[in-house]
Structure formats: structure tokens, C-alpha cells
Amino acid sequence: MFNLLLSLFSILVLLSPLCAHAVQVPHPMHQGIELEKIGAVSYLRDASGKDTLSDIIAKDKRGAFIPLPPDWVAGYTKDTIWFKFTLEFPAVTNNKYWLEISPAILDNIVLYIPGADNSYSSMQLGDHQPVQARPIMHRNFIFPLPPELSGTAQTYYVRIQSTSVINLHATLWQPHIFISDHSRPDALTGAYYGVRLFLAFFASILWIWLRNKIFLLYALYQCVACITQAYLAGTAQISLPLAPLTSDAIQKSTNFLLMATVLIFYATLFQLDKHLPRLFRLIQGIVSLEFVLFIGISTSLLAFSGPVTNLLLLLNISILLYASVWLLYRQHFDRVLYILAFWLGFGLYVLILLHNLGIPIGPSITMMDMPIFLPLVSLTLVTLGLVDIAKKEAEKKLQAKELALELSEESKRILDQRVRERTHQLALSNTQLNQEIAERQALHVMLEDSLVKQKELMQAQREFFAMASHEFRTPLAIIDTTSQRLSLLQSQPNLDTSAMLTPALRKIRRATQRMSRMIDNFLSMDRLDAINASHGFSQKLLDLRQVVQTTVEHYQDFSYRNIVMELSPTAANVLGDQYLITLVISNLLDNALKYSPAETDVMMRVFHGQHYCHIEIQDFGPGIAPELQERIFEKYMRIEGNMTVHGTGLGLHVARRIAEGHGGQLIVRSEPGQGTCFRLTLPRHNL
């Protein structure tokens, strides 16, 4: 009988993953669904790390997956962890869902999404992947889930590998609920960082004033804590444009910097150099070791080890716990405020570290589950203690000032006598100074005369440019009119001159356009100077799609090159000077046509976000070296090796000044041999 019951129990255990019910996704959703907390997630360890999705599905059918326990932590492991969950979406068209996976320090996450033909597509994220590859820019990893099989149960698989502690928080959202639910916590997180940085700034001021090193250590502690928490929360990864592996190395190395900062800060706060000098020297050695580890891991000279990190952090906390108990035993009750702050701020870390090391003592808790009010209370207690220190230091400084004031009064009596002796000498010096002032006034008059002459010269220069432009435009207009009349000859029925006339006509028109644009650039320089000296640009509502389309059609009238346009489906409205913005687009398009091979296309894209509109012009020419990508915007700058291409080196300089004058910017992205992309960004005008 016992053997029969044991067999039935074993069968139920094996079949339980296969019979797990699908999560019924409600419509509409009112809040996110935390999948691991409702018992919807199962997991499987792959020690080899070589199992494919097909292998995992086969193991799933054999009942290899087991339910994920609440607050589950895998710790530091080289195993690949597979998770699965089953969702049944409502049969509603055009519904969109997001899957949020955290923590933000997981190295590689692959989500396998079921398709209509029982196949799976994959999407890979993680902090070892470029931030730009994330479909939804957020501190955690957001996977869009297109429910192509609405009304049917769909099983998703998640594959995770990480050198950090592995635990899973998976939440299903609808986009509008996600945005609404995260807006307030994100604002509070920003306020939390702001408070800590303000305290660091305030402590720095106190250190400058009082010269007590505890304030400098406190400021350093707050800054390092903000950086470490920003990396753990995933905020720093999306804010700093670093390579993924570099960002990951910094994230792991900041643990050692934070440990060193906390250890030396509390050791100084507990005055261990006076009460426990041997322990303080040991602490100094540990801090030096941790700083070396920080430098080595952040520069990838040393490999990161999760267990070593946790053991070292556990050693730090143990040393400070021992020191705090010793101080209480020795009745150093003036340190009670700081001891209580340390216990509240770092007491729960002991349980977290033990679970990370595979020692499940006490309740299971992760960094994400730790209550935030404990660090806040700890921060408040430490700050109150430092305020008391600042008060005492200020009183000492005031006493020192009073003593210095008494000494200064005695010195004043001696100085009065010396002042009378020097007064006579000053009278003589004043006479010489008056003579020097008269000479300088004469020089000032001469300088003003020179400035007047310079202004007259500048006015004459402007008049010259205006006259030159008029004289240039007249023959250019004649050439352009003649070329258009010649083009009409092609319509003559008995005269076939297209083979000869068409290339010539295009050359004439290209030449006239180039000379006209050169004049426009020269005149625009003068116009920009005049605008900067008086008032801003003219403001006219423009749709950048129409401006780009008109400019491209104009170019294609006299050029055989293929210009591909990708225009935003909605209006890209800006306020600006149409003539100047058209000049910017023409300069960029002309450069793209000149510097790219004749058989390649030129791409023009117009798109916009909520606050800015963008125009990108992409060519597939030789590219620009990185060290020259900012210098090309200097006036009259020409790249060596391209001197055979006509140009004045003024177009890009004028274009950037126009962009900045409209409150926007002009940037370039280029790699040698892979082409160049210029992006013009202007503030969007919302009607």
C-alpha cells in the first residue's frame, strides 16, 4: 500500500509541470501581473549550457521543469537557467503587451516567443547587449509580446546566463499601465538620488569650511552609493553611452569601491583609529585591497568573482558589527546614533549575502526586495550625527576666530603707526599715478578712433559682398535661362540633339547651382552675424517633409543620381527661416552627392519624436576619419585627399550655425569606408 501511494505521488510530481494552468490575461488590465508571485513560472537548470530550445521543450514534455519558489535566488552560478510560463491572451485585436524582466544586472536574457506555426522566434536583451538594441528604452528589460494567437494558451521560454546573482522578477503589462505605474516610482527614485547628491554637495561645502575629513568621506560615500545603486537599478546603463562590457565591468567594480567607502567612513565615524588602532590598520589594508580590485575589474585587468565579492562584503560588515558591539560594551554611548544607523542600513545585507553564497539562513530576500525605508532611516540618522559634528566644529572655529580677533586688535595698534609712515609715501605715488592715468586716457581716445575706423571697414566689406553677389547672379541667371531654352530644343520633332545637349545642360545647371550656393553661403555668413547682433531668425511654420521633397525634386531636375526619400507619415512641423533651412538641406545633399560614388544611392529620412524633428542624409562614400569629424564644421576647413572635389569649406560651417541659431544641432556619424550620415535636429512645433 505504501509503495502504491509513493508511485502515485511520483507520477503527480512528474505531471504537475505539464498540467500547470495558463495565466488568463484579463481585458482590460488594471495592473501588472507579477508572474513569479502568482506561481506561474517554472524553471530548469542546464549545467552544460549547451541545450537548445528543442532540447528544453523535450525536457519540458518529460516534466523536467519544477515550480519556481517564492523569492527564489540561484546565487552565483555558471549554469544556464531556463524559465517557462504559459499565457492565454483575450481574443481582442490590436492588443499590445510588454514583459518586464529584472533585475537590470542580468548579463544575457533570451525570450523565445511562440508563433502561429508552432515555431519560436527569439529576442535577446541583457546588460551584455547594446542599450540601443532595446526595443523599449527602460532601466529594466522590456520585451514586446505580440499575441498572434489570441484566445489560445502560449508557452514562453526564457534563457538566462549571468555572472551576477541570478533571480527572476517577471511582470506582464499593457503599455499604458506600465507607463502609469512606473511614473511615480521613477520620480521618487530620481528624488532619492537628488537628495543623496544634495547631501554630498552640502557635506563638501562643510568640508571646505571646517576641514574635517569626515564630511569629505560622507560626500564620497553618498556619491559612490548613488553610482552603485544607479548601476544596480539599470539607470546608469541607459544614461551613460558606454560599451556593454565596459559598463558591466564598471557595475561590478563599483561594489568594491562602495565597500571601501562604507568601511573607511564608518571606521572613521566610530573613531576606531583611537579606540581600536590595530583593527583600524587592518581596515586600511582591506580598503587598499578593495580599491585595487575596483581599478583592476573596471579596467578588465582582473576577473570578477561573485563569491569573492560577497565574502569580502560579508567580512566588511562583520568587522563593523564587531566594532559597534565593542563600542557599546565599552560604553561609548556617544557613538550610539552611528551604530544604529549602520545596523539599519546594512543589517539585512548579511541575509542577502548568505543567500547569494548558497547559505539559506533566515527569510529569502534579494536586493530588490529590501525595504527602502531602512536605508532612508539610516541616512537620516547619519546626517543628524554629522549635523551635530558640524555644530561642534563650527563652535570651535568661532572660538578660534574670537582669539584671532583679540590678536588682531593688538596688531591693529602697531599697524596704525606704520600706516602713518606709509601715508607720505602714498602721496608721492599718487602723483605718479595721476600722470599715468592721463597717458592712458590719451591711449583710450586713440583706441576709440581705431574702433570707429574698423566699423567703417566692416560696413564697406558688407557692401562689397552685396555688390559682388548682384554682379555674380546676373550672368548666372543668363546661363540658367539659356540652359532651359536649350532644353526646349529637345521638343523639336526634326531635331535630335538630346544625346549632346542633355549632359551639357546638366553640367551648366549644376555649375550655376554650385556658384549660387557658394554665394548663398557667403551671404548667409553676413546675415547670421547681423541676426546675432540684433534679433533672431524669422519664424515661419514649415513642414520639413515638404521642404525636403521640394529640395530633392529640384536636384533631380539636373542630376541623374538616385535620391531615396523616407518621409514621416505625420507632419514634422518646425518654426524657422525657410531660406536658411533650405540652404542647410541643400549643402548637406550637395556634399552627399559629391563625396559618394556615382553608382550608389543617397538616403534622406525625415522623422520626429515628441519634442524634436530630425533630417538624416546618408551617403555611402569613403567616410570621415574620427579625428576630423568635428573639424569639418570649422570655417574654410577642407579634408586632405578630397581637394579634387570643388568646394569652399564653408557649407558645413554655415549649416551648423543655422541649426544652432534655430535651437537645434547638426551632428555627423561616419566610419572610414562605410559612408557618412549627417543629422539635422530642430525643435518640433506642436500645433
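Sequential numbering from 1 along the given sequence is applied to the chain's residues.
Here NZ of K84 is found 10.0 Å from CD1 of I57. Values are rounded to the nearest 0.5 Å. Summarising the geometry, atom OG belonging to S670 is positioned 4.5 Å from atom CD1 belonging to I624; distances are rounded to the nearest 0.5 Å. From I105, atom CD1 reaches atom CG of N255 across 8.0 Å, with rounding to the nearest 0.5 Å. Expressed to the nearest 0.5 Å, how far CD1 of I286 lies from CG of L312 amounts to 7.0 Å. Taking CG of L682 as the reference point, atom NE2 of H611 lies at 15.5 Å (rounded to 0.5 Å). Distance check, rounded to the nearest 0.5 Å: CG of L544 to CD of Q549 gives 12.5 Å.
K59 and D51 get closest at one heavy-atom pair: NZ-OD2, 2.5 Å. Between R545 and A572, the shortest heavy-atom distance links the atoms NE-N, 4.2 Å. When all heavy atoms of Y595 and P622 are compared, the pair lying nearest together is O-CD, 3.0 Å.
In this structure, the side chain of D619 engages the main chain of T676 through a donor-acceptor pair within 3.5 Å. In this structure, T228 contributes its side chain and V224 its backbone to a donor-acceptor pair below 3.5 Å. Listed for the N108 side chain is no donor-acceptor partner under 3.5 Å among the backbone atoms of G126. In this structure a side-chain-to-backbone donor-acceptor pair under 3.5 Å is missing from D79 to I81. Although no hydrogens or angles enter the test, the distance criterion places no donor-acceptor pair under 3.5 Å between the side chain of D181 and the main chain of F178. At distances below 3.5 Å, at least one donor-acceptor pair connects side-chain atoms of N310 with backbone N or O atoms of G306. Between the E36 side chain and the A170 main chain, a donor and an acceptor come within less than 3.5 Å of each other. At least one donor-acceptor pair closer than 3.5 Å links the side chain of S596 to the backbone N or O of A592. Checked by atom type and distance alone, the side chain of S253 pairs as donor or acceptor with a backbone atom of A249 at under 3.5 Å. Counting only distance, with no hydrogens or angles, the side chain of S102 and the backbone of A104 share no donor-acceptor pair below 3.5 Å.
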Before giving the answer on side-chain contact (heavy atoms from CB on, under 4.5 Å), spell out for R684 and N686 the whole-Å C-alpha distance, their side-chain angles and the decisive distance to 0.1 Å. CA-CA 6 Å; R684 186 184 180 194; N686 295 314; 3.5 Å; yes

Apply side-chain contact (heavy atoms from CB on, under 4.5 Å) to Q222 and L197, showing your working. CA-CA 7 Å; Q222 296 299 340; L197 292 176; over 6 Å; no

Please lay out, stage by stage, how E616 and F678 fare under the test side-chain contact (heavy atoms from CB on, under 4.5 Å). CA-CA 6 Å; E616 285 190 350; F678 286 89; over 6 Å; no

Decide side-chain contact (heavy atoms from CB on, under 4.5 Å) for V23 and I38; before the verdict, give the C-alpha distance in whole Å, the side-chain angles of both, and the deciding distance to 0.1 Å. CA-CA 9 Å; V23 176; I38 64 173; 4.1 Å; yes

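Counting only heavy atoms from C-beta outward, the side chains of Q161 and T80 approach each other to under 4.5 Å. Residues W98 and Q174 have side chains not in contact (no heavy-atom distance under 4.5 Å, counting atoms from C-beta outward). Side-chain contact between F83 and R159 is absent, with no heavy-atom pair separated by less than 4.5 Å. No side-chain heavy atom of L311 sits under 4.5 Å from any side-chain heavy atom of V308. Annotation: side chain of Q618 is not in contact with side chain of V602 (no heavy-atom distance under 4.5 Å). In this structure, L99 and L111 have side chains that are in contact, with non-hydrogen atoms separated by less than 4.5 Å. Contact annotation: the side chain of V262 never approaches that of I317 to less than 4.5 Å [non-hydrogen atoms, C-beta and beyond].
The one candidate from Y157, F143, W82 that meets the ring pair (Phe, Tyr, Trp, His ring centres under 6.0 Å) condition with Y112 is W82.
For Y120, the OH atom is densely surrounded, since the number of other residues' heavy atoms within 6.0 Å is greater than 12. Counting non-hydrogen atoms of other residues, nucleotides and ligands closer than 6.0 Å to CD of Q31 gives a total of 12 or fewer. Other residues, nucleotides and ligands place no more than 12 heavy atoms under 6.0 Å from the OH atom of Y612.
Under the 3.5 Å distance criterion, with hydrogens and angles disregarded, a donor-acceptor pair is assigned to the side chains of E100 and W173. At a cut-off of 3.5 Å, with distance as the only test, a side-chain donor of K252 or T163 sits close to an acceptor on the other residue. Side-chain contact, E34 with T171: no donor N or O sits under 3.5 Å from an acceptor N or O. The closest side-chain donor-acceptor pair between D248 and T246, if any, does not fall under 3.5 angstrom. A donor and an acceptor atom, one from each side chain of S162 and H128, are nowhere located under 3.5 Å apart.
Aromatic ring pairs are classed by plane angle as parallel below 30°, tilted from 30° to 60° and perpendicular above 60°; the pair Y221 and Y266 is perpendicular. Aromatic ring orientation, Y43 versus W72: tilted (interplanar angle from 30° to 60°).
In this view, R196 satisfies the salt bridge (charged side-chain N to carboxylate O under 4.0 Å, His left out) rule with no residue, not counting sequence neighbours.
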